[in-house]
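What follows is a short report on a single structure.
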Amino acid sequence: MSHPDLRTLALLAGGELPWWQRYRWSFHTRNCENCRQELEALDESRAFVARNTATLPAFVDWDRLADDMRANIQVGLEAGEAIRPREPVGLRLDWRPAVALTALTLVVLTGWYLNINRHSIYRLPSASVEAGDARVESGSDGIVLTRGGGRMTVMQPKAQAVSYSVNSTGAVSARTIDAETGQVTISHVYLD
Amino acid sequence: MRVAIQQRPVTASLGLTKNTMAQADSSIDSVARERHDLFVQTHMRRVFLLIYRIVGNVADAQDLTQEAFIKALSREEQLKDLEKAAHWLSRIATNTALDHLRRNGRVHFSDLDEMPERLHVSRAASPEAEVLREERRQLLEAGLAVLTPRERAALLLRDVDELSAEEVAAHLNCSKATVRSHIANARAKFKKFLERHRKGSAL
């Protein structure tokens with residue numbers, strides 16, 4: 001039967017061994033008289049250290065010593081305070097909020113840029129159909145019909161992205177998607 | 001077009017005078033001072049004992065305890081979380097003591113006749129109890145003197161302050177495996193020391 005060395009028993013006494021070793025040597029010490037006595041002696045010596053460390057030497061007057069130390073600490077702190085340069089009072093930004101702010105700004109700018117581009121891609125300024133003196137075309141507000149000096153506009157919601165198209169049947173179409181409901185509305189204006 | 005920008009100091013709009021500002025400053029100082037005092041009072045004995053057990057004499061332990069507290073209290077932001085601050089203080093104390101021993105050589109537990117005059121004998125409950133207590137303390141110190149400073153620090157932090165092996169490793173700036181080795185050596189040496197002492201006493 002192999003026995004643990006004293007250092008292993010010392011770690012077993014304090015519970016620092018990995019669980020499999022702890023299990024192995026705990027089992028062993030239960031059945032080995034010699035190792036059990038060694039372990040008990042280690043426990044006793046640990047208890048002795050823990051019990052007696054709080055005892056100050058008899059010649060120490062703790063209250064007086066503590067007062068001295070407190071006073072010296074105060075003096076030391078005041079001396080340090082006197083020579084330490086004061087930090088400027090004011091707004092101090094830590095690097096973390098600064099990074100978060102920069103990231104947020106980038107997200108907002110990217111969103112804004114993409115939104116601008118979507119409008120500019122889908123809005124076709126020159127979608128138009130002509131028949132005689134009548135003309136149907138896409139305008140800034142919607143589909144515009146002009147004939148003999150008269151003008152009529154089929155308005156499109158401003159808040160939504162509008163895409164205009166001309167199809168082969170001679171119609172100008174406006175297609176909008178409601179951002180909240182996802183509903184698609186298509187308006188056609190034909191010229192015969 | 002004309003644009004006019006008017007700037008006013010904020011303190012003026014709040015109705016604060018130089019006097020009230022000074023009062024506010026001094027009340028902040030007194031709050032900080034109270035916090036410092038409480039922190040020192042709570043931890044002084046523990047830190048002193050830790051350092052004393054590592055360096056082995058009262059005069060050095062006194063100086064090093066003061067040094068550890070001044071270092072700790074100079075970093076105001078570390079005192080916000082009191083539990084962390086206590087650990088941080090132990091770490092400073094341990095390293096201050098170990099640095100001292102590194103600079104000044106081996107540990108030397110003081111004898112009674114080497115003590116400064118201002119340290120007086122305390123009045124014990126009974127002379128017998130005091131003698132017994134003193135014997136045990138001397139035995140402890142003799143046993144600790146057998147260990148290396150790092151073994152001593154590891155043993156005290158683990159078995160007296162009851163820190164985990166990971167925390168002791170953090171305090172001593174070394175790996176957990178090294179700490180386990182220090183602790184195992186320290187316990188084994190101390191046990192052998194006590195056994196030798198008992199055998200010697202029995203003779």
Side-chain angles (χ1 to χ4, degrees), chain A residues 4-18 21 37-84 86-87 89-90 92 94, chain B residues 33 36-37 40-41 44-46 48-50 52-53 58 62-63 65-67 69-70 73-74 109-110 112 115 118-122 124 130-131 133-134 136-141 143-144 155-156 158-160 162 164-165 176 179-181 183-195:
Chain A
D5 59 19
L6 185 58
R7 294 176 80 254
T8 304
L9 284 172
L11 292 175
L12 179 66
E16 288 94 4
L17 284 179
Q21 284 192 48
Q37 281 177 5
E38 289 282 87
L39 188 62
E40 282 169 4
L42 280 161
D43 283 339
E44 204 179 308
S45 96
R46 284 181 69 224
F48 179 85
V49 172
R51 215 173 28 240
N52 293 295
T53 8
T55 311
L56 282 167
F59 49 80
V60 172
D61 181 346
W62 171 251
D63 292 339
R64 192 166 166 182
L65 183 64
D67 282 346
D68 279 358
M69 284 196 283
R70 265 194 289 273
N72 289 337
I73 289 166
Q74 194 54 43
V75 169
L77 285 173
E78 280 164 12
E81 196 64 35
I83 56 169
R84 191 191 315 154
R86 282 247 174 211
E87 285 184 20
V89 180
R92 282 187 304 164
D94 191 10
Chain B
R33 174 87 185 263
H36 286 182
D37 288 349
V40 171
Q41 196 171 336
M44 183 178 274
R45 194 178 169 102
R46 179 179 68 82
F48 174 82
L49 281 167
L50 174 63
Y52 172 64
R53 297 300 172 207
V58 173
Q62 180 182 358
D63 289 344
T65 302
Q66 288 164 190
E67 191 182 325
F69 272 104
I70 290 169
L73 293 171
S74 301
F109 283 87
S110 316
L112 193 61
M115 294 316 301
R118 59 192 172 76
L119 298 173
H120 297 281
V121 176
S122 67
E130 183 61 26
V131 167
R133 211 171 68 113
E134 190 58 19
R136 283 200 299 261
R137 184 192 62 77
Q138 284 176 2
L139 187 60
L140 172 73
E141 290 177 358
L144 290 176
L155 183 78
L156 292 169
R158 179 76 184 106
D159 286 351
V160 180
E162 297 180 341
S164 67
K176 195 180 158 190
V179 162
R180 281 178 37 173
S181 172
I183 292 170
N185 284 339
R187 286 183 189 144
K189 284 182 187 176
F190 200 91
K191 172 191 165 283
K192 283 179 185 169
F193 168 82
L194 279 185
E195 283 172 351

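Residue numbering restarts at 1 for every chain, and letters A, B, ... go by the order of the sequence lines.
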For the residue pair [X] and [Y], what are the closest heavy atoms and their distance?
X	Y	result
Phe48(B)	Met69(A)	CD1-CE, 3.8 Å
Leu11(A)	Arg187(B)	CA-NH1, 3.9 Å
Leu49(B)	Thr55(A)	CD2-O, 4.4 Å
Phe48(A)	Leu139(B)	CZ-CD2, 3.8 Å
Ala10(A)	Ala184(B)	CB-O, 3.8 Å
Arg53(B)	Thr53(A)	NH2-O, 2.8 Å

Requested in this report: Answer with side chain, backbone, both or neither: which region of Gln66(B) has an atom nearer than 4.5 Å to a non-hydrogen atom of chain A?
Outcome: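 The answer is both parts of Gln66(B).
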Report task. Identify which part of Ile70(B) has an atom lying under 4.5 Å from any heavy atom of chain A, answering side chain, backbone, both or neither. Result ->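 Its backbone and side chain both get close to chain A.
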Requested in this report: Tell me, out of Ala66(A), Ala50(A), Ala54(A), who's got the most heavy-atom pairs with chain B below 4.5 Å.
Outcome: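 Most heavy-atom pairs under 4.5 Å with chain B: Ala54(A).
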Query raised in the report: Got a donor-acceptor contact below 3.5 angstrom from the Arg136(B) side chain to the Arg51(A) backbone?
Result: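 It does not hold such a pair.
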Query raised in the report: Do Lys176(B) and Glu16(A) pass the salt bridge (Lys or Arg N to Asp or Glu O under 4.0 Å) test, and can you show the C-alpha distance, the side-chain angles, and the key distance before you say yes or no?
Result: CA-CA 10 Å; Lys176(B) 195 180 158 190; Glu16(A) 288 94 4; over 6 Å; no
Query - Non-neighbouring partners of Asp67(A) that pass side chain to side chain contact (heavy atoms under 4.5 Å, CB included), sequence neighbours left out - result: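 Partners of Asp67(A) under the side chain to side chain contact (heavy atoms under 4.5 Å, CB included) test: Arg70(A).
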Requested in this report: Can you tell which part of Glu38(A) gets under 4.5 Å to a heavy atom of chain B, answering side chain, backbone, both or neither?
Outcome: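 Interface part for Glu38(A): both.
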Query - Given Arg45(B), Arg137(B), Arg133(B), the one that forms side-chain contact (heavy atoms from CB on, under 4.5 Å) with Leu56(A) - result: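 Filter result, single survivor: Arg45(B).
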